[in-house]
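To start, the structure itself, in structure tokens.
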Amino acid sequence: MTPITRITDPEVELLAGLSSVLQQDYVSPDEDPWLGSPFAWIQTRPSRQKGAIGEALVAGWAAAKGFDVARTGDSDADRVIHGHRVEIKYSNLWANNGIYKFQQIRDQRYDYCLCLGISPFDAHAWFIPKPELMKPGHAGLVPQHGGAAGMDTQWLSFPADNPPTWVRAYGGTLSQVAALISAAGRGPNRGR
């Protein structure tokens with residue numbers, strides 16, 4: 001049997017409409033902050049897919065803003081945006097504590113790390129120069145794994161509404177990130 005991907009029967013459509021109305025009486029945003037969010041579907045995807053979705057969202061957004069966007073052709077950075085090699089990190093809002101956690105941050109060949117944080121009805125972003133990101137001792141940036149071998153991978157974790165002071169200089173909103181990309185100027189197109 002082929003799965004049905006949309007409702008075609010008028011009776012089922014009526015039932016679905018009633019279900020949507022009833023849902024408001026049984027499920028509150030306090031129980032599920034993603035209820036009604038255009039980003040809710042992303043939460044159902046496995047972690048690896050969420051990262052790829054985050055990359056696609058950033059690439060589409062940057063292209064819509066008029067920036068040249070291309071793949072890098074290697075695994076050290078995700079995209080070339082406006083001529084700069086950019087590593088893209090995605091996090092959804094962690095419901096239990098209201099934080100963003102950008103994982104798998106490594107010292108690879110990129111110019112900027114663009115961190116995209118998605119909340120149910122908002123998005124946050126930061127365009128952090130790699131030399132600033134890699135400075136030791138930054139608040140919120142910690143080794144992701146224990147032991148000596150774990151020092152090559154870090155995560156950046158902070159409350160969505162209160163990023164560390166050093167992060168604030170690199171955005172917060174998508175509009176601020178667009179301005180930072182523009183201010184960075186056209187990069188040398190390395191890695192294309």
Side-chain angles (χ1 to χ4, degrees), residues 20 23-62 64-65 75-79 81 86-108 110 112-130 132-147 149-178 180-181:
S20 294
Q23 181 180 14
Q24 297 169 24
D25 293 335
Y26 289 91
V27 180
S28 76
D30 294 337
E31 291 176 58
D32 181 3
W34 294 93
L35 183 65
S37 166
F39 307 112
W41 69 273
I42 301 171
Q43 307 317 305
T44 67
R45 308 314 309 154
S47 293
R48 186 160 182 83
Q49 282 185 2
K50 287 179 185 177
I53 292 165
E55 290 173 25
L57 286 171
V58 167
W61 169 82
K65 297 304 287 179
S75 62
D76 282 346
D78 296 308
R79 297 288 191 281
I81 300 175
V86 178
E87 179 70 0
I88 299 168
K89 295 298 175 186
Y90 169 86
S91 177
N92 55 272
L93 186 70
W94 288 39
N96 60 339
N97 54 14
I99 65 167
Y100 288 133
K101 190 173 295 230
F102 302 100
Q103 301 182 46
Q104 303 292 322
I105 296 173
R106 294 183 178 91
D107 187 1
Q108 298 177 155
Y110 55 90
Y112 293 89
C113 182
L114 196 157
C115 296
L116 175 65
I118 297 290
S119 296
F121 297 95
D122 204 359
H124 301 92
W126 296 269
F127 190 62
I128 307 169
K130 181 186 170 193
E132 184 64 30
L133 181 65
M134 290 293 126
K135 281 185 183 174
H138 274 318
L141 191 62
V142 296
Q144 190 163 335
H145 306 289
M151 299 303 287
D152 68 330
T153 305
Q154 301 181 78
W155 63 31
L156 176 58
S157 177
F158 54 83
D161 61 353
N162 190 23
T165 303
W166 70 272
V167 173
R168 291 181 197 153
Y170 303 107
T173 67
L174 289 163
S175 295
Q176 289 170 324
V177 166
L180 288 168
I181 293 170

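This is a predicted model, so every value here is computed, not measured.
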Applying side-chain contact (heavy atoms from CB on, under 4.5 Å) to F158 and I99, what does each step give before you reach the verdict? CA-CA 5 Å; F158 54 83; I99 65 167; over 6 Å; no
Test log, rule side-chain contact (heavy atoms from CB on, under 4.5 Å), inputs S119 and Y100: CA-CA 9 Å; S119 296; Y100 288 133; 2.7 Å; yes
Would D78 and V58 satisfy side-chain contact (heavy atoms from CB on, under 4.5 Å), going step by step from the backbone distance to the final call? CA-CA 10 Å; D78 296 308; V58 167; over 6 Å; no
Assess whether side-chain contact (heavy atoms from CB on, under 4.5 Å) is satisfied between L133 and I105, documenting all intermediate values. CA-CA 9 Å; L133 181 65; I105 296 173; 3.7 Å; yes
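Nearest heavy atom pair, residue L93 against residue A160, reads CD1-CB, 3.5 Å. Across all non-hydrogen atoms, the minimal contact from K89 to C113 is CG-SG, 3.8 Å. Between I81 and A62, the closest heavy-atom pair is CG2-CB, 4.0 Å. Here the closest heavy-atom approach between residue Q108 and residue S75 is recorded as NE2-O, 3.6 Å. When all heavy atoms are compared, the tightest approach of P33 to P120 is O-CB, 3.0 Å. Shortest non-hydrogen contact noted between Y110 and A77 is CB-CB, 3.8 Å.
Every residue two or more places apart in sequence or in another chain was checked for a side chain to side chain donor-acceptor pair (under 3.5 Å) with Y90, and none qualifies. For Y112, the ring pair (Phe, Tyr, Trp, His ring centres under 6.0 Å) partners two or more places apart in sequence, or in a different chain, are H84, F127. Scored by the side chain to side chain contact (heavy atoms under 4.5 Å, CB included) test, L174 finds W61, L116, A123, A125 as partners (sequence neighbours excluded). The side chain to side chain donor-acceptor pair (under 3.5 Å) search around E55 returns none, not counting sequence neighbours. A search for side chain to side chain contact (heavy atoms under 4.5 Å, CB included) contacts involving A40 returns W34, S37, not counting sequence neighbours. The side chain to side chain contact (heavy atoms under 4.5 Å, CB included) test applied to R45 returns W41, Q49, K50, I53, not counting sequence neighbours. Checked against side chain to side chain contact (heavy atoms under 4.5 Å, CB included), S175 has the following partners two or more places apart in sequence or in another chain: T173. With sequence neighbours excluded, the residues forming a salt bridge (Lys or Arg N to Asp or Glu O under 4.0 Å) with K130 are D107, listed by chain and number. With sequence neighbours excluded, no residue forms a side chain to side chain donor-acceptor pair (under 3.5 Å) with D161. For S157, there are no side chain to side chain donor-acceptor pair (under 3.5 Å) partners at least two apart in sequence or on another chain. With sequence neighbours excluded, no residue satisfies ring pair (Phe, Tyr, Trp, His ring centres under 6.0 Å) with W94.
A distance of 11.5 Å separates CD in Q154 from CD in Q104, rounded to the nearest 0.5 Å. Atom NZ of residue K101 and atom SG of residue C115 lie 13.5 Å apart, to the nearest 0.5 angstrom. We find the OG1-CD distance between T153 and Q103 to be 10.5 Å, quoted to the nearest 0.5 Å. In this structure, S91 OG and W155 CH2 are separated by 11.0 Å, a value rounded to the nearest 0.5 Å. Put simply, CD1 on I88 and CG on L114 are 6.5 Å apart, with the number rounded to the nearest 0.5 Å.
In this structure, the side chains of L57 and I42 come closer than 4.5 Å at one or more pairs of heavy atoms. Looking at I128 and L156, their side chains come closer than 4.5 Å, going by heavy atoms from C-beta outward.
Side-chain N or O atoms of H138 include one that pairs as donor or acceptor with a backbone N or O of E132 at under 3.5 Å.
A parallel orientation is assigned to the rings of W126 and H124, their planes being inclined by less than 30° (bins at 30° and 60°).
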